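Step one of this worksheet: look at the structure below.
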Amino acid sequence: MAQRIVPLIMCGGAGARLWPASRENRPKQFLSLFGGRSTFQDTLARVGDGALFDRPIVITNAAYRFTVREQLAEIGRDADILLEPCRRDSGPAIVAGAAFAAGRDPQAVVLALAADHVVGDEAAFVAACRRAVEVAASGKIVTFGIKPERAATEYGYIQAGGKISGDVSSVAKFIEKPDEAAAAAYVRDGFLWNSGNFMFGARALLDEYGQTDAASVAAACEAVTQAGSDLGFVTLQEDAFARAVPMSIDYAVMEKTSRAAVIPVSCGWSDIGSWHAVWELSPKDEDGNAAQGAAVFEGAKNCNVSSDKTLVALEGVEDVVVVATQDAVLVSRQKDPGALKRLVAKLKKVRPQVTEDHLKVHRPWGSYRSLDTGERHQVKQIVVKAGERLSLQKHHHRSEHWIVVRGAARVTIDALETIVHENESVYIPIGALHRLENPGQTPLELIEVQTGSYLGEDDIIRIEDDYRR
């Protein structure tokens, strides 16, 4: 049987450069930026040919674990899900994934992919994978070099060296993000964009990384061998993984190794690193304006609008980005993505909540959305998925009213269990032990009214929890 490739999907980033759509607890890889599926789901679909690709490995952090599982289920895929106990950048994460793959198959060839990239021509990408696999199996670390479409300053570049096999070449040089003049020269001289996606033999990667940082490799490998299991997730051992030095795979290996190879590919690739990149990939009107959601343009050119519900109207402006969510509005210039990163850093100091969560907060049992908040009250819309239930819990500082608007709820209050139907309500006093469950086959929707002296989420004392939070 021909060598199958193990996809390793890197899915732990926060995606600050697409704020306010992307938040710390719901980053860009889980958003539907271009159609019905998220970029994470599109990445998995891209490696779905069972004749070429083996069972995927997804490495993410604990905060995203249920989102990863939910989005896998939505597209009918399964994977081994590795949970990082702390962020250590791409280097240690790839080491952990490679060690896990080698544990499944010592001869494993691994394809490390970012979960938040877009590939317009999947057939071209898969064809490049077929050409690269034999070279990777021979011990080379193959990076996918993108044929430039313009003189981009937001990407690193690769200078190809001598031929290895077919169109695969050695890497002569990796080049950091250039200025405009240097980028134009690199494109003219046939350099390639560095996509940050790699294919390698698992053992080759571990050996090569060990040449420069043996201690971090040992730590990440120990985190795998000592890993636990929780609700079907692979939990990397915390103390061991924390000993790995945070470092990108580029700095740790690719810029130092003599094994680096590059395969050129033209596949409509983008790392979606800015709202300008989203605009480039979006359909536009005759004036170059792109819109996702409700937008009206008059005398505007080359603008990009993304809006959840609010109508956005632009008049007489050019090269402007407007992103409107239910709790934040961004107005920005198209071509300065670095400024947005600096802005988000400031927001984390003055309004951290708006960088962490949307008004709609996803939970493993469903979601809730804050509708109104006052000094001593909060109103939420709660949706519980079919067959799911919240933790058995109590609160020290607030009481709650639940009004069912769709479906039927099984409600436990202390020793009493009851079914609450549509247009019925129930009251939970301060300190009462309670639980909410959806026993039906369709989503349960209710309105929750909280009243009390303190309404924070940390006033939840969980007694039992199906999700072990």
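No experiment lies behind these values; they were computed from the predicted model shown.
Between the OG atom of Ser306 and the CD atom of Gln292 there is a distance of 4.5 Å, given to the nearest 0.5 Å. Rounded to the nearest 0.5 angstrom, Thr60 OG1 and Leu82 CG are separated by 10.0 Å. The structure places NZ of Lys394 at 10.5 Å from CG of Asp459, a figure rounded to the nearest 0.5 Å. Separation of atoms CD (Glu388) and CG (Asp466) is listed at 7.5 Å; rounding is to 0.5 Å. For the atom pair CG (Leu343) and OG (Ser332), the distance works out to 8.0 Å, reported to the nearest 0.5 Å. Separating the CG atom in Asp54 from the CG atom in Leu8 is a distance of 12.5 Å, to the nearest 0.5 Å.
For the pair Leu390/Val384, a side-chain contact is recorded, criterion being any heavy-atom separation below 4.5 Å from C-beta on. Phe100 has its side chain within reach of Arg104: a pair of non-hydrogen atoms, C-beta onward, lies under 4.5 Å apart. Here the side chains of Asp357 and Arg26 are not in contact, with every heavy-atom distance at 4.5 Å or above. The shortest distance between side-chain heavy atoms of Val278 and Leu18 falls below 4.5 Å. The side-chain heavy atoms of Met10 and His117, taken from C-beta on, include no pair separated by under 4.5 Å. A 4.5 Å side-chain heavy-atom check between Leu111 and Phe53 finds at least one atom pair inside the cut-off. When side chains are defined from C-beta on, Asn194 counts as touching Phe174, because their heavy atoms get closer than 4.5 Å. Here the side chains of Ile463 and Leu433 are in contact, with some heavy-atom distance below 4.5 Å.
In this structure a side-chain-to-backbone donor-acceptor pair under 3.5 Å is present from Arg88 to Ala242. Looking only at distances, a side-chain donor or acceptor of Ser170 sits under 3.5 Å from a matching main-chain atom of Gly162.
In this structure, Ala98 and Ala202 approach most closely via the heavy-atom pair O-CB, 3.5 Å. What you find for Ala223 and Ala240 is that their closest heavy atoms are N-CB, 3.7 Å. The two atoms that bring Pro56 and Arg77 nearest to each other are CG-NH2, 3.3 Å, heavy atoms only. Closest non-hydrogen pair, Ala220 versus Val95, comes out as CB-CG1, 3.5 Å. Shortest non-hydrogen contact noted between Thr212 and Ala252 is OG1-O, 3.1 Å. When all heavy atoms are compared, the tightest approach of Thr355 to Pro352 is OG1-O, 2.8 Å.
The aromatic rings of Tyr155 and Trp269 sit tilted relative to each other, their planes meeting at an angle between 30° and 60°. Ring geometry for Tyr157 versus Trp193: interplanar angle over 60°, hence perpendicular rather than tilted (30 to 60°). Note: Phe30 and Tyr64 have perpendicular aromatic rings, judged against thresholds of 30 and 60 degrees for the angle between ring planes.
In this structure, the ring of Phe198 has its center no less than 6.0 angstrom from the ring center of Phe144.
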Practice task
Would you sort out whether Arg23 and Thr325 count as a side-chain hydrogen bond (donor to acceptor under 3.5 Å, both in side chains), showing the intermediate values?
Solution key: CA-CA 11 Å; Arg23 309 282 175 101; Thr325 66; 3.2 Å; yes
Handout entry: Evaluation steps, side-chain contact (heavy atoms from CB on, under 4.5 Å), between Ile81 and Leu72
Key = CA-CA 10 Å; Ile81 304 173; Leu72 281 165; 3.8 Å; yes
Exercise for the section: Test Lys385 against Asn438 for side-chain contact (heavy atoms from CB on, under 4.5 Å), laying out the working first. Expected result: CA-CA 7 Å; Lys385 293 182 286 190; Asn438 179 2; 5.8 Å; no
Practice task
Could you check Gln450 against Gln378 for side-chain hydrogen bond (donor to acceptor under 3.5 Å, both in side chains), going step by step and ending with a plain yes or no?
Solution key: CA-CA 5 Å; Gln450 304 174 358; Gln378 182 169 207; 3.2 Å; yes
Practice task
Let me see the working for Glu400 and Arg398 under salt bridge (charged side-chain N to carboxylate O under 4.0 Å, His left out), right down to the final yes or no.
Solution key: CA-CA 7 Å; Glu400 296 173 341; Arg398 71 175 186 247; 3.0 Å; yes
Problem - Candidate pair Lys341 and Glu154, rule salt bridge (charged side-chain N to carboxylate O under 4.0 Å, His left out), full reasoning - result: CA-CA 13 Å; Lys341 196 170 182 178; Glu154 66 269 28; over 6 Å; no
Practice task
Please report the C-alpha distance between Ile461 and His395 in whole Å, then the side-chain angles of each, then the deciding distance to 0.1 Å, and finally whether the side-chain contact (heavy atoms from CB on, under 4.5 Å) criterion is met.
Solution key: CA-CA 6 Å; Ile461 296 87; His395 312 292; 5.7 Å; no
Handout entry: Test side-chain hydrogen bond (donor to acceptor under 3.5 Å, both in side chains) applied to Thr257 and Glu208, step by step
Key = CA-CA 7 Å; Thr257 182; Glu208 202 66 7; 2.6 Å; yes
Practice task
I would like to know whether Ile263 and Asp167 meet side-chain contact (heavy atoms from CB on, under 4.5 Å); could you show each step before the answer?
Solution key: CA-CA 6 Å; Ile263 182 168; Asp167 59 349; 3.9 Å; yes
Problem - Ser38 vs Gln71, side-chain hydrogen bond (donor to acceptor under 3.5 Å, both in side chains): CA-CA, chis, key distance, verdict - result: CA-CA 8 Å; Ser38 69; Gln71 294 209 347; 2.6 Å; yes
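Salt bridge annotation for Asp319-Arg333: absent, with no cationic side-chain nitrogen under 4.0 angstrom from a carboxylate oxygen. Salt-bridge annotation for Glu24 and Lys28: absent, with no side-chain N of the basic residue lying under 4.0 Å from a carboxylate O of the acidic one. Of the charged side-chain nitrogens involved, at least one lies within less than 4.0 Å of a carboxylate oxygen, so that Arg243 and Glu222 count as a salt-bridged pair. Under 4.0 Å is where a charged nitrogen must lie from a carboxylate oxygen, and between Asp230 and Arg65 no such pair does. Between Glu437 and Arg435, none of the side-chain N atoms (NZ, or NE/NH1/NH2) sits under 4.0 Å from a carboxylate O, so this pair counts as no salt bridge.
Dense packing is recorded around NZ of Lys163, with more than 12 heavy atoms of other residues, nucleotides or ligands lying under 6.0 Å away. The environment of Arg87 atom CZ is dense: over 12 non-hydrogen atoms of other residues, nucleotides or ligands sit within 6.0 angstrom. Within a 6.0 Å sphere centred on CD of Glu70, other residues, nucleotides and ligands contribute more than 12 heavy atoms. The environment of OH in Tyr454 is crowded: more than 12 heavy-atom neighbours from other residues, nucleotides or ligands sit within 6.0 Å. Summarising the local packing, NZ of Lys256 is surrounded by more than 12 heavy atoms from other residues, nucleotides or ligands at distances under 6.0 Å. Counting heavy-atom neighbours within 6.0 Å of Glu180 CD, excluding the residue itself, gives a total of 12 or less.
Side-chain contact, Thr412 with Arg389: no donor N or O sits under 3.5 Å from an acceptor N or O.
With Leu192 as reference, Val262 is the one residue of Thr143, Val262, Ile146 to meet the side chain to side chain contact (heavy atoms under 4.5 Å, CB included) rule.
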